[in-house]
Amino acid sequence: MNTSPKYNPQEIEKKWQEKWVADRLYEVKENDPHPKFYALTMFPYTSGDLHIGHWYAMAPSDVQARFKRMQGYNVLHPIGFDAFGLPAENAAISRGIHPYTWTMNNIENMRRQLKTIGAIYDWSREVITCVPEYYKWTQWFFLKLYEAGLAYRAEAPVNWCGKCQTVLANEQVTSEGLCERCNTPVVRKYLEQWFFRITRYAEELLDHSKIDWPERIKIMQKNWIGKSYGADLSFGLEYKGIAEKELRVFTTRPDTIYGVTFFVMAPEHPLVPKLTAPERKAAVEKYIHQTLRQTEIERTSVEKEKTGVFLGSYVINKVNEEKVPIWIADYVLPSYGTGAVMAVPAHDQRDFEFAKKYGLPISVVIAPPDWDGKELDAAWVENGTMVNSAQFNGMPSDKAFDAICDYMESKNWGKRAVTYRLRDWLISRQRYWGAPIPVIYCQKCGIVPVPEKDLPVLLPQDAEFRPTGESPLKYCESFVNTKCPKCSAPAQRETDTMDTFMCSSWYFLRYTSPDADNYPFDKARMKFWMPVDLYTGGAEHANMHLLYARFFNKAIRDIGVVNFDEPFTRLFNQGIIIYKGEKMSKSKGNVVTPDVYIGELGADAVRAYLMFVGPWEMGGEWNDNGIVGMSRWLNRVWNLVTANYTARTTTPDAEKELLRITHQTIKRVTQDMERFRFNTMLAALMEFTNYLGKVQDEGTVSASAWQQAISTLLLLLAPSAPHLAEELWVTTGHPYSIHNQKWPTWNEELAKEEEVTLVIQVNGKLRDKVTVPVSITEDEAKKLALSQERIKPYLNNKQPAKIIYVPGRLINIVVG
RNA sequence: GCCGAGGUGGCGGAAUGGUAGACGCGGCGGACUUAAAAUCCGCUUUCCGCGAGGAAGUGUGGGUUCGAGUCCCUCCCUCGGCACCA
């Protein structure tokens with residue numbers, strides 16, 4: 001009779017969490033003799049509540065970190081909060097709470113929630129990005145980048161809401177191009193902004209050869225950086241009142257140069273006013289005005305019909321001295337290439353549509369195969385044979401690419417060139433709740449960086465939060481007005497703050513020594529832990545945080561702050577948890593709160609269930625019933641371990657089998673852990689539990705063999721269900737703590753099967769199965785297969801044409 | 001449009017080119033119970049068959065192979081990313 005207490009997750013989870021903290025079980029030291037392992041999980045934004053989606057990121061990463069810890073690594077698995085950002089400010093405006101208070105209250109709640117997960121977080125290393133001790137160093141890094149020439153100020157187009165009288169971040173503009181807050185159409189405006197020169201690192205950022213990252217993330221970054229090979233070509237310019245004698249374009253198709261029939265500039269191109277003929281002035285200005293009123297989203301919509309106007313001026317195509325009309329059109333972007341294109345309507349679909357609309361000539365210079373010389377229905381963008389291209393006629397177009405580049409270079413009309421799609425990183429935010437950009441503007445001295453000794457530039461406590469959307473810093477005189485650090489004349493502070501991605505570009509360095517106060521980190525401790533061995537988080541950051549952090553690392557490497565090329569050696573992206581068919585989000589109202597399930601079934605059940613829904617990288621669906629099954633299994637483990645075991649009819653064979661299955665399970669669980677297949681890892685443990693249940697019923701092994709199997713089960717379960725495993729470990733008489741035990745290893749010999757089931761197929765169809773010793777020879781196996789009563793009818797008394805034998809698997813008899 | 005990941009029972013999902021559907025949920029039947037819950041045991045891809053057994057079956061259509069969910073080609077659908085990038 002089992003008289004042990006029932007499994008009570010709430011009680012044991014609270015008990016062990018308190019004890020682990022009291023014993024400082026998970027505090028991490030640098031002087032530990034074990035090899036270091038830095039297991040980083042993306043820190044959460046301080047939105048207020050953790051939902052199951054957060055747990056899906058946190059729980060399996062903790063399992064992995066615990067697994068590494070048991071394997072003998074000194075594991076740093078820290079946690080902190082990404083605490084600056086817009087929502088805090090919006091809360092301040094709508095509810096009258098100061099962003100600091102709002103954020104800190106949220107952190108308190110999230111910290112409480114995070115502690116219920118039962119993770120090995122070392123809370124003594126907690127990092128919060130919005131406290132002065134942290135953002136002082138974010139500002140310090142800005143100064144270092146500025147000194148290195150990697151931060152600069154320039155005019156840039158931004159999203160402007162006329163009603164709110166402010167700039168909006170891209171994230172604040174709805175997909176319809178409206179202001180998120182007031183639904184006013186957002187327009188473009190040109191403002192002075194701070195940028196980081198990420199483009200200087202475009203080439204190095206394309207190189208992922210030093211890191212072990214998922215292929216899809218590497219591809220996403222490659223596409224985002226967008227390297228194009230082509231040529232910079234020069235077109236002649238003869239226009240009164242203009243000094244320039246040429247206009248340059250970037251093209252990926254220099255082979256189509258003879259097919260240029262018009263020339264298109266971005267409406268914002270600085271030379272447009274000068275190249276506009278007097279009689280075209282009104283039309284051109286009207287068009288420019290229309291373009292500027294469009295949002296980025298409207299302008300770049302693919303469905304939109306092409307529009308443009310003729311400037312009344314011409315360029316000369318140097319290869320054939322043809323006069324080519326210059327147009328402006330909003331499909332040409334000012335920020336890519338040279339802001340101007342040579343239009344080849346026969347071989348570019350956009351130019352084709354434009355030419356059709358405005359009746360411009362379409363000249364084929366690359367003949368498609370079997371071309372009949374007639375008009376094209378669409379641009380031919382593939383390779384072909386050169387035609388109408390002077391001395392290049394008859395050449396395959398891919399060869400002509402090089403030939404024409406050589407020709408242009410020899411004439412000094414252009415040269416081969418590479419262009420990137422990547423733009424510099426705009427870090428200015430017209431917001432209060434961010435790290436102030438540490439810069440002062442002086443009438444006399446211009447832009448003056450705040451001296452290092454004056455850091456941090458503190459956010460003023462007395463800023464006002466008005467519902468107008470204006471930056472509270474701009475109207476906070478005590479903040480704005482200061483003295484020039486150089487000449488002491490009255491001067492003004494920069495009122496923009498930094499993009500929060502700046503804060504998250506170095507937080508993992510801070511974890512290594514969060515108490516450092518004369519440098520962003522303690523150099524020795526940072527060197528000890530970095531780079532991160534395993535980084536886990538969502539794939540949605542592929543082209544933001546993950547790219548910024550790589551850039552930032554390379555920038556500070558070149559400044560001499562760190563000495564490694566990449567911050568994250570290995571990356572793993574978990575998928576997304578969906579609920580009721582959609583991604584969980586507050587706005588959709590389909591958020592599942594973990595607290596309820598922890599209260600009812602315990603954190604161990606929630607952790608294990610999240611791992612069980614599917615492969616971690618694929619994401620999965622939260623199912624309210626599914627977790628009940630996980631809870632049932634943990635209960636079965638509890639009952640199995642706490643029940644008295646009585647050996648009845650023990651046999652050597654039964655013990656051998658138990659040992660075999662134990663070692664097979666160790667192998668499966670270990671290998672699944674290593675490849676992040678937590679779902680099948682738990683399935684293996686469930687099978688093991690089911691098997692142990694049978695052994696217990698039958699009492700076929702000795703008590704000591706039983707105890708051995710049970711303790712292995714608990715060790716394998718420890719990372720996934722740390723509280724349950726600890727409780728059962730201690731109650732079965734083992735020394736505290738299970739989390740300081742060695743991960744079990746398997747013995748291949750003991751795991752080996754003695755008998756296998758051979759499948760017998762006839763013409764590939766399963767017809768019978770036989771159980772044979774693994775030592776069976778090929779001849780014996782074939783003979784056995786042919787002699788099976790169930791097989792004989794399929795043979796028709798004929799000799800089989802062929803017999804395929806796969807040892808340990810099957811025999812396939814091929815009959816004619 | 002381009003790039004990437006997917007498409008397997010009623011559901012979530014397992015399957016180094018070799019027994020498709022592990023494990024779990026749900027469902028059905030049974031045990032225990034006055035009864036219910038909980039727990040335990042059995043069954044559960046579909047169709048035909050009393051049964052033994054047979055047939056079909058991994059989005060579609062082809063191909064390679066003794067053998068294909070898995071490899072190759074065509075197309076369709078879902079999800080994620082990018083998108084007038086010259």
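All values reported here derive from a predicted model rather than from experimental measurement. Numbered from 1 within each chain, the chains take letters A, B, ... in sequence-line order.
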> Syn or anti for B:G9, with syn set at within 90° of 0?
Replying inline: syn
> Mind checking the C1' distance from B:U34 to B:A56? Whole angstroms is fine.
Replying inline: 49 Å
>> Applying a 4.0 Å non-hydrogen cut-off, can you work out what A:Arg668 is touching in the nucleic acid: base, sugar-phosphate, or nothing?
In response: nothing
> How far does the C1' atom of B:A14 sit from the matching atom of B:G62, given to the nearest Å?
Replying inline: 28 Å
>> In whole Å, measure the gap between the P atoms of B:G10 and B:C75 for me.
In response: 29 Å
>> Heavy atoms only, 4.0 Å cut-off, all strands: where does A:Val613 land among base, sugar-phosphate and nothing?
In response: sugar-phosphate
> What integer number of Å spans the P atoms of B:G69 and B:C2?
Replying inline: 30 Å
>> Can you measure A:Arg790 atom CZ to B:U19 atom P for me and round it to whole angstrom units?
In response: 17 Å
>> Please classify the nucleic acid contact of A:Val264 as base, sugar-phosphate, or nothing, using heavy-atom distances under 4.0 Å.
In response: nothing
>> Is it the case that the side chain of A:Tyr287 and the backbone of A:Asp330 share a donor-acceptor pair, with hydrogens and angles ignored and the cut-off at 3.5 Å?
In response: yes
> Is A:Arg421 positioned over the aromatic face of A:Trp224, cation under 6.0 angstrom from the ring centre and no more than 45 degrees off axis?
Replying inline: yes
> Taking atom NZ of A:Lys357 as the centre, does the number of heavy atoms from other residues, nucleotides or ligands within less than 6.0 Å exceed 12?
Replying inline: yes
> Roughly, in whole Å, what's the span from CE in A:Met618 to C1' in B:U78?
Replying inline: 14 Å
> Any donor-acceptor pair under 3.5 Å between the side chain of A:Arg423 and the base of B:C85?
Replying inline: yes
>> Counting the atoms with a prime plus P, OP1 and OP2 as sugar-phosphate, which does A:Tyr229 contact under 4.0 Å by heavy atoms, base, sugar-phosphate, or nothing?
In response: nothing
> Given the C1' atoms of B:C41 and B:U45, what is the spacing between them in whole Å?
Replying inline: 23 Å
>> Over all strands shown, is A:Asn812 touching base, sugar-phosphate only, or nothing at heavy-atom distances under 4.0 angstrom?
In response: base
> Are there more than 12 heavy atoms of other residues, nucleotides or ligands under 6.0 Å from atom NZ of A:Lys783?
Replying inline: no
> With both distances under 3.5 angstrom, what nucleotide forms a Watson-Crick or G-U wobble pair with B:U65?
Replying inline: none
> Can any side-chain N or O of A:Asp768 pair as donor or acceptor with the backbone N or O of A:Ile760 at less than 3.5 Å?
Replying inline: no
> Which part of the nucleic acid, if any, lies within contact of A:Val806, taking any heavy atom under 4.0 Å across all strands shown: a base, the sugar-phosphate backbone alone, or nothing?
Replying inline: base
> Please give, in whole Å, the distance from B:C84 P to A:Leu333 CG?
Replying inline: 7 Å
> Reckon A:Gly629 touches a base, only the sugar-phosphate, or nothing at all at heavy-atom distances under 4.0 Å?
Replying inline: sugar-phosphate
>> For the P atoms, the ones on B:G27 and on B:A37, what distance do you get once it is rounded to whole angstrom?
In response: 11 Å
> Counting side-chain heavy atoms from C-beta on, which of B:A15, B:G18, B:C84 comes nearest to A:Ile804?
Replying inline: B:G18
